[in-house]
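Step one of this worksheet: look at the structure below.
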Amino acid sequence: MLNVTDIMETIRMIQDENLDIRTITMGISLLSCCDSNIERSCEKVYEKITTYAKDLVRVGEDIEAEYGIPIINKRIAVTPIAMLLAASGGDPVRYALTLERAANTVGVNFIGGFSALVHKGFSAGDKALIETIPEALAQTDHVCASVNVGSTKSGINLDAVGMMGRVIRRCSEITADRQCVAASKLVVFCNAPEDNPFMAGAFHGPGMPDCVINVGVSGPGVVRAALHAAPDDMDITEVAELIKKTAFKITRMGQLIGTQAAKRLGVPFGIVDLSLAPTPAVGDSVAHILEEIGLEQCGACGTTACLAMLNDAVKKGGVMASSSVGGLSGAFIPVSEDAGMIDAARAGTLCIEKLEAMTAVCSVGLDMIAVPGDTPAEVLSAIIADEAAIGMVNSKTTAVRLIPAVGLKEGEELEFGGLFGTAPIMKVNTSSPAKFISRGGLIPAPLQSLKN
């Protein structure tokens, strides 16, 4: 039971420590919208989304007002569009424009699912959709795309990895006059989860129910504040215990909001994703948590160990607070969206190689990283391959969201504003991996895949 102290503490977290519900995301299956005629399929998609999600934004706002808890984003995730394209054929961009129209009608912040799952090869619709991702993202404001190129069970589709390097470059090139924004709405996954509520990687997996509500909670500022108030002589076991207790409180709030939203919308409640998702706001940084633990600056020796402990403690605290923890759940390290990461990148303390090491123990991967605009496509592909290998071998989700900053070089910056923040252009090793990427084929699944 909550007592007055608990209630007052939650109010303080919201007011002073940037505690919020980062998103309530409605997942909608579009499998019933498959049609051999793309026009009919698009109309079915629009009708289904606008029917299920017509009250999503209003309900979110009502819950915000009633409980005093900020809900930053209201979002939709749909079935990977490549599955619909397999039935209809035609121009995939028409589906993206339909998703954009539906998003505008219901008033959500983003809609994810212009996606393809190609971890073991391409099926009908996959290549066509992937090739049109740049045009689809350039022509829309709310649509997000993702491609899953590997998994622990299947290995890594190196042909898809090669394609994605070229696609990412094209995304940046055709939106160079808009801070290369298309690339910021595209994620390349290994072991993509079906119930992730966070953009740009959210999609509604084929194993999910027809409609579901998933919630993403975020509270790095709360964790940082708790550590800041703790004695300096607290040992690392006690630090982990403090983080666990704080994560428990954050997750209970997410459970409350998720069950309320699902009840009012008349759809099942799915999961709470208890990821610590930072923002550029002062005090709302995962990097600053690591510095409170005892690092001079994020990226210093010891960063990976601190992040591993943080990630584990967040998950342990969260699973005690909810029986429905899922999604990604851990600590996000997006460079442009985290004030402490931005500072560390500017200072040169944080480099891509260190970030890659950190992704072995955090909840996602190389996220929102700007690289020089002349970075070759095969180098982008090789970065994706490295990250996918970490995910495949460690049986975890990893992802890459790279932004080649067209016309800019190392040391300059891309300014997105809002939650996307500021991206310092980071140095990339450009020794050529072209021969490796051009081999294509499938990197075989590791021995860990034989766990049945």
Side-chain angles (χ1 to χ4, degrees), residues 22 73 109-110 134 137-138 141 144-146 164-165 167-188 198-201 218 220 276-282 284-288 290 297-299 303 331-356 358-359 362 364-377 379-380 383-384 386-387 398-430:
R22 185 55 49 84
N73 282 291
N109 301 94
F110 291 105
L137 298 184
D141 294 322
C144 295
S146 59
M164 292 314 300
V167 166
I168 290 169
R169 272 211 61 84
R170 176 68 178 152
C171 281
S172 279
E173 287 167 355
I174 66 174
T175 54
D177 60 336
R178 288 179 282 157
Q179 300 292 296
C180 307
V181 68
S184 71
K185 299 189 292 173
L186 170 61
V187 180
V188 186
F198 286 100
M199 297 298 171
S218 180
L276 296 180
T279 72
V282 175
D284 202 26
S285 161
V286 170
H288 290 159
L290 303 177
Q297 190 165 39
C298 180
T303 296
F332 285 4
I333 52 171
V335 173
S336 79
E337 299 174 14
D338 184 307
M341 297 284 178
I342 293 168
D343 290 341
R346 285 171 174 160
T349 310
L350 190 64
C351 62
I352 287 183
E353 289 77 13
K354 185 62 177 180
L355 281 162
E356 188 176 294
M358 293 163 67
T359 63
C362 76
V364 203
L366 297 173
D367 194 16
M368 287 300 288
I369 294 174
V371 298
D374 59 356
T375 305
V379 171
L380 301 176
I383 293 171
I384 293 168
D386 283 343
E387 199 57 31
T398 50
V400 173
R401 190 161 41 150
L402 297 174
I403 306 153
V406 176
L408 299 179
K409 59 184 184 296
E410 178 192 343
E412 297 182 287
E413 296 187 353
L414 273 177
E415 181 61 54
F416 294 108
L419 287 177
F420 282 172
T422 301
I425 314 299
M426 302 186 75
K427 182 181 179 181
V428 173
N429 183 340
T430 55

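For residues 176-186, the set of pairs meeting the side-chain hydrogen bond (donor to acceptor under 3.5 Å, both in side chains) definition, not counting sequence neighbours, is empty.
Checked by atom type and distance alone, the side chain of Thr398 pairs as donor or acceptor with a backbone atom of Glu387 at under 3.5 Å.
Across all their heavy atoms, Pro134 and Ile174 have their closest contact at O-CD1, 3.2 Å. Pairing each heavy atom of Cys298 with each of Thr303, the nearest pair is C-OG1, 4.0 Å. Scanning all heavy atoms of the two residues, the minimum distance from Asp141 to Phe110 falls at O-CE2, 4.2 Å. Of all non-hydrogen atoms in Pro404 and Ser172, the two that sit nearest each other are O-OG, 2.8 Å. In plain terms, the two heavy atoms of Ala423 and Ala370 that are nearest each other are CB-CB, 3.6 Å. Across every non-hydrogen atom of Ser336 and Ile342, the tightest pair is O-CD1, 3.3 Å.
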Check the pair Asp386 / Val400 against side-chain contact (heavy atoms from CB on, under 4.5 Å), numbers first and verdict last.
-> CA-CA 10 Å; Asp386 283 343; Val400 173; over 6 Å; no
Would you sort out whether Met199 and Asn73 count as a side-chain contact (heavy atoms from CB on, under 4.5 Å), showing the intermediate values?
-> CA-CA 10 Å; Met199 297 298 171; Asn73 282 291; over 6 Å; no
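The distance from atom CG of Leu414 to atom SG of Cys180, rounded to the nearest 0.5 Å, is 5.5 Å. Atom OG1 of Thr375 sits about 7.0 Å away from atom CZ of Arg169, to the nearest 0.5 Å. To the nearest 0.5 Å, atom OG1 of residue Thr175 and atom CZ of residue Arg170 are 9.5 Å apart. Here the straight-line distance linking atom CG of Asp338 with atom NE2 of His288 works out to 7.0 Å at 0.5 Å rounding. Annotation: the span from Thr422 atom OG1 to Asp343 atom CG amounts to 10.0 Å, rounded to 0.5 Å. Considering CD1 of Ile403 and CD1 of Ile425, their distance stands at 8.5 Å, rounded to 0.5 Å.
Atom NZ of Lys427 sits in a sparse spot, with 12 or fewer heavy atoms from other residues, nucleotides or ligands closer than 6.0 Å.
Checked against Met164 for a side chain to side chain contact (heavy atoms under 4.5 Å, CB included), the options Leu380, Leu402, Ile384 give a single hit: Ile384. For the side chain to side chain contact (heavy atoms under 4.5 Å, CB included) test with Pro424, the passing option among Arg346, Glu410, Glu412, Met341 is Arg346; the others fail.
Within the 4.5 Å cutoff, side-chain heavy atoms of Val428 are placed close to those of Ile383.
Scanning for side chain to side chain donor-acceptor pair (under 3.5 Å) contacts around Asp374 gives an empty result, with sequence neighbours left out. For the salt bridge (Lys or Arg N to Asp or Glu O under 4.0 Å) test, residues two or more places apart in sequence or in another chain that qualify with Arg401 are Glu337, Asp367.
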